[in-house]
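Remember, it's 1-based here, ligands and their atoms both numbered in the order they're listed. Throughout, numbering of the chain's residues begins at 1 and tracks the sequence.
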Amino acid sequence: MNGLIFQDIHALAAGLRRKDFSALELVRAHIDRIRSCEDTISALITRTEELALSRAAAADARLAGGDAPLLCGIPFVLKDNICTEGIPTTCASRMLADYIPPYSATVYARLQAAGAVLLGKGNMDEFSMGSSTENSAFYPTRNPLDISRVPGGSSGGPAAAVAAYEVPFALGSDTGGSIRQPAAFCGLVGMKPTYGTVSRHGLVAFASSLDQIGPLTRTVQDNAAVLSCISAPDGRDATANRTFAAAKDLFSGDIRGISVGLLRFPGDAADPAIRAAVESVAAVLADRGAQVREVRLPALSDALPAYYILSSAEASANLARYDGVRYGARAEGAASPDELFCSTRSTYFGPEVRRRILLGTYALSAGHRDAFYLRAQSAARRIRAAFAEIFATCDCLLCPTTPTVAFPAGEKSDPVSMYRGDLFTVPASLAGIPALSLPCGTADGLPVAAQLMAAEGNDGLLYRLAAAIEEVRI
Ligand code: GLN
């Protein structure tokens, strides 16, 4: 049964239907894998073994009935900022260490309705702030491909779980790169869909105008299948107004006539090996009939500061709810409500979360708002306009996902060097457009990734191109 863990979702779904193995056997194989890997990788904060076994039995009954959905019986992990009724949801923060949500996120409800089986909640940077999972208040996660290195972040736990074959897919959340960058560091396919494609009801908010949930998988087709399952308009999230449905012909490999812009980034600091790998992706696309040309978008030079100002400003507002009164942890012995508020927050928020709240509060404060918040907003508007202009003449953009491969744990101790690593991922977040990261080679034995971006709503096009690239790579 051990070979089971190495199969992708589509192969597993076929095996379940042929009765080569049962959902219970499948889930047990993954539980065994989790038991043998977790001591080294620490991808998970909470494991849900017992619940998973009972769900697997239910999945078997449904499969026996004959018309089960594709994901029925397939194990998965959720990032620990996605609410799961009755199961701890900590955001890797001491503030929410004991929080058990009384309701489930829409994405979790949809996966459960499809019969997929939750095996655990993935580690992350506290409240999704970070790029290495070293900001988890509990413990760091290791990169399964080289345990001296980080898995990326903030969805590092979900990514490491998929890369270590603990589960065939996971959901992460992406505000400025938190699905794409860990996918890049762990050799996976990671998708940040168009803003509004997936409901955030039950996702603990970081920066609401940017947050999106999306899948981490080992293949392009699996990724599209998971996105199809979780995507739908939702009355509980007024921003969720789109549906993604994976059409079969997406994976034909036919990309003739699609125009691709090889994006030369202002201030591009990507390692030469990464640049070379992305160039070879461009060559593959051209070879298969896409029209490739170089493009430049000078407006992107402001993306990184604009992202850090806007996301921190929104975070400072969203995180004001953890006040020691309504929910979350509460400090002892405060003499007044003000003192309770301050001591709760300084005791239970980690240093990066406190830094972002300070940064955001400062950027919004009287006297500094014009210089920071409003300037960042106008930079974001310019970035959106620049993308709209380029997508009038070009279907898709190609660039690296990250400037480096997975870096050694502990290497980036100052925040700004960590922030710089988000250079390539934040523009798509600011513009609300879909962006997908996929492996495109290795450097020093570690995965290198390419990022594809398209106009709002063109999520399917990214899968079409990614499938063509994946075919050649394999
Ligand atoms: N690394 C970025 C940050 O720290 C992105 C995080 C995210 O997408 N949640 O803000």
Side-chain angles (χ1 to χ4, degrees), residues 78-82 91-93 122-137 140-141 150-159 170-186 190-193 195 198 200 203-216 303-316 318-319 349-360 363 376 380 401-404 406-407 412-437 449 451 453:
L78 290 177
K79 187 175 182 182
D80 209 22
N81 59 351
I82 297 175
C91 287
S93 180
N123 198 15
M124 54 188 280
D125 288 297
E126 184 176 6
F127 282 103
S128 301
M129 295 170 186
S131 311
S132 67
T133 314
E134 293 168 296
N135 293 340
S136 166
T141 294
V150 302
S154 63
S155 312
L171 295 189
S173 69
D174 189 310
T175 305
S178 278
I179 292 173
R180 291 163 282 158
Q181 186 258 21
F185 280 9
C186 291
M191 175 71 164
K192 182 200 87 72
Y195 185 77
V198 180
R200 292 102 42 92
L203 172 72
V204 179
F206 165 9
S208 309
S209 75
L210 306 167
D211 299 338
Q212 264 297 283
I213 294 173
L216 288 146
L304 210 46
Y307 166 80
Y308 273 91
I309 289 168
L310 296 174
S311 63
S312 301
E314 292 188 31
S316 72
N318 271 327
L319 271 57
F349 280 143
E352 183 61 25
V353 175
R354 293 206 301 273
R355 181 178 299 118
R356 304 282 180 114
I357 292 172
L358 285 172
L359 196 67
T401 307
T402 57
T404 66
F407 49 85
K412 296 200 179 180
S413 47
D414 79 297
V416 174
S417 73
M418 193 72 91
Y419 300 170
R420 282 210 185 100
D422 300 333
L423 176 74
F424 296 111
T425 51
V426 295
S429 301
L430 292 170
I433 58 175
L436 177 149
S437 176
Q451 181 180 218
M453 296 182 261

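- In terms of N/O distances under 3.5 Å, ligand 1 is not approached by Met129.
- Of the options Leu216, Asp174, Leu436, Thr402, a side-chain contact (heavy atoms from CB on, under 4.5 Å) to Arg180 is made by Asp174 and by none of the others.
- For atom 2 (C) of ligand 1, the closest non-hydrogen atom of the protein is Asp422 OD2, 3.2 Å.
- If you check which protein heavy atom lies closest to atom 4 (O) of ligand 1, you get Arg356 NH2, 2.8 Å.
- Ile309 places none of its side-chain heavy atoms less than 4.5 Å from the side chain of Leu359.
- In terms of protein heavy-atom proximity, atom 6 (C) of ligand 1 is closest to Ser178 OG, 2.9 Å.
- Contact annotation for Thr175 and ligand 1: heavy atoms of both the backbone and the side chain come within less than 4.0 Å of the ligand.
- Taking every non-hydrogen atom of Phe206 and a distance limit under 4.0 Å, the qualifying atoms of ligand 1 come out as 9 (N), 10 (O).
- Near Ser154, with a cut-off below 4.0 Å to any heavy atom, the atoms of ligand 1 are 9 (N).
- Under the 6.0 Å cut-off for aromatic ring centres, Phe349 and Phe127 qualify, their centroids lying closer than that.
- Each of the atoms 2 (C), 3 (C), 5 (C), 6 (C), 10 (O) of ligand 1 lies under 4.0 Å from some heavy atom of Tyr307.
- Checked against Ser128 for a side chain to side chain donor-acceptor pair (under 3.5 Å), the options Asp80, Thr175, Asn81 give a single hit: Asn81.
- Any N or O atom pair closer than 3.5 Å counts here, and Gly130 shares at least one such pair with ligand 1.
- Each of the atoms 5 (C), 7 (C), 8 (O) of ligand 1 lies under 4.0 Å from some heavy atom of Gly176.
- Arg420 places none of its side-chain heavy atoms less than 4.5 Å from the side chain of Pro403.
- If you run side-chain contact (heavy atoms from CB on, under 4.5 Å) between Ile213 and each of Leu203, Ile179, Leu78, only Leu203 comes through.
- Within the 4.5 Å cutoff, no side-chain heavy atoms of Pro182 are placed close to those of Pro151.
- Below 4.0 Å from some heavy atom of Ser128 lie the following atoms of ligand 1, by number and element: 6 (C), 7 (C), 9 (N).
- Considering backbone and side-chain N/O atoms, Asp174 never comes within less than 3.5 Å of an N/O atom of ligand 1.
- Using a 4.5 Å heavy-atom cutoff, the side chains of Ser131 and Lys412 are not in contact.
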